[in-house]
Amino acid sequence: MGDDPHEREEVESPMPELPEVETIVRSLRPAISGETITSADILWERTLATPTITELNARLPGQTIRSLGRRAKHILIHLDHDTLIIHLRMSGDMRVEADDLPLQPHDRAVFHFASRQRLVFINPRKFGRVWLVADPAKALSKLGPEPLNQSFTSEVFYQRLTHHKRQLKPLLMDQHFLAGMGNIYTDEALHLARLHPLRRSNTITPDDADRLLTAIRSVLEEGIRRNGASIDWVYRGGDFQNDFQVYQRTGEACYTCGAEIQRIVVGQRGTHFCPVCQKRRN
DNA sequence: CACGAGACCTGTTCGC
DNA sequence: TGCGAACAGGTCTCGT
């Protein structure tokens, strides 16, 4: 690297939670809708979860991208007969560019288009996965409700919360329980709702549940708004990190009460909260 | 059922 | 300066 004419920005890895995936989908939609796939290269074998590479090569060529969508943290690329599902996991990103440019070290899958453009799946840590399925609804059937879906009410949320006796933080991050929340937005939402991350879900009141759902929607929408502000998708690193109230603010003063933000480990994930604003019990 | 630990991976930052 | 440890946006599986 060094002779790249496009002056590549030293961008830190993106944060693929729901808002980041939504931002990527919004940028990809105008960029690749209508493209016809001619072939695909899987550069890291395990990237392709299903089907086999042989079957992928048989089914993909000739299919045109009809629309793009998102379900939780999954990118959905709807084709004529199949849907390409992409999950970025911890370190994924997507790139659209001319098909004759040199590939980059962390490129794991490439989809070539008839237009001589290509879609590249970048994935340094190799956790990301790609699926080609005929029935996306079936493939994603185990996911919980979308928090931004208006049909998901705080009453339903309250019922679901009290059906478990789990710590709030890991429960909110459980994609079967609620789809799309990641480590950052969960910490931020719990702080905004003034709920302790280890609070048992069955001890929540209807008012807590209502405040929590409002907080979840607030941080997700703000995240989307901040990332959506980047027009150039290649540099789409939004600036929601400037709004963090607790995430990665260990030892710093809470903006609300001045207390020191604490960091604990919950479910093997760094968890940040304000010990004063977020009491264990009411 | 709930939870912790280990896997899967590479790159960056931290602490001595 | 150097080097190993710790840590990072996610999810799956296994044992207790």
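Chain A is the first sequence line, chain B the second, and so forth, proteins listed ahead of strands; every chain is numbered from 1.
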Looking at [X], does any N or O in its side chain come under 4.0 Å of the phosphate oxygens OP1/OP2 on [N]?
X: H87(A); N: dT11(C); value: yes
X: Q175(A); N: dG10(C); value: no
X: H164(A); N: dA2(B); value: yes

Checklist entry - Just by distance, do the side chain of E188(A) and the backbone of V246(A) share a donor-acceptor pair under 3.5 Å? => result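 Confirmed, E188(A) side chain pairs with V246(A) backbone.
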Point to revise | Under 3.5 Å: donor-acceptor pair, side chain of Q245(A), backbone of H191(A) | key: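 Looks like no, no N/O pair under 3.5 Å.
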With sugar-phosphate taken as primed atoms, P, OP1 and OP2 and all else as base, the protein-contact string of nucleotides 3-9 of chain B at under 4.0 Å (heavy atoms; B, S, -) is S-BB-BB
[X] [atom1] to [N] [atom2], straight-line distance once rounded to whole Å:
X: Q248(A); N: dT12(B); atom1: CD; atom2: C1'; answer: 12 Å
X: L88(A); N: dA8(C); atom1: CG; atom2: C1'; answer: 15 Å
X: H163(A); N: dC1(B); atom1: NE2; atom2: P; answer: 13 Å
X: L140(A); N: dG10(C); atom1: CG; atom2: P; answer: 17 Å
X: L18(A); N: dG10(C); atom1: CG; atom2: C1'; answer: 14 Å
X: Q104(A); N: dT10(B); atom1: CD; atom2: P; answer: 18 Å
X: N202(A); N: dA2(B); atom1: CG; atom2: C1'; answer: 12 Å
X: K169(A); N: dA2(B); atom1: NZ; atom2: P; answer: 19 Å

Does the distance from a Lys or Arg side-chain N to an Asp or Glu carboxylate O, for K73(A) and E17(A), drop under 4.0 Å?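 Salt bridge between K73(A) and E17(A), a charged N being under 4.0 Å from a carboxylate O: no.
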Next item on the list: May I ask you to check whether F240(A) and Y185(A) place their ring centres under 6.0 Å from each other?
Entry: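 Yes, the ring of Y185(A) comes within the 6.0 Å limit of the ring of F240(A), centre to centre.
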Practice item. Sticking with atom P, work out how far dG2(C) lies from dC9(B), rounded to a whole angstrom. Key: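 So the two P atoms sit 30 Å from each other.
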For dA6(C) versus dA5(B), give the span between their P atoms, rounded off to a whole number of Å.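 One P to the other, the span is 14 Å.
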Using a 6.0 Å distance limit plus a 45 degree cone around the ring axis, check whether R160(A) lies over the aromatic ring of F152(A).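 Cation-pi check for R160(A) and F152(A): fails.
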Quiz item: Should dG10(C) form a Watson-Crick or G-U wobble pair with both distances under 3.5 Å, which nucleotide is its partner?
Solution: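 When the pairing criteria are applied, dC8(B) turns out to be the nucleotide that pairs with dG10(C).
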TODO: Please work out whether the ring planes of H74(A) and H87(A) are parallel, tilted or perpendicular, with thresholds of 30° and 60°.
DONE: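 Plane angle over 60°, so perpendicular.
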For D80(A), all residues meeting side-chain contact (heavy atoms from CB on, under 4.5 Å), sequence neighbours excluded: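 For D80(A) the side-chain contact (heavy atoms from CB on, under 4.5 Å) partners, ignoring immediate neighbours, are Q63(A), T64(A), R66(A).
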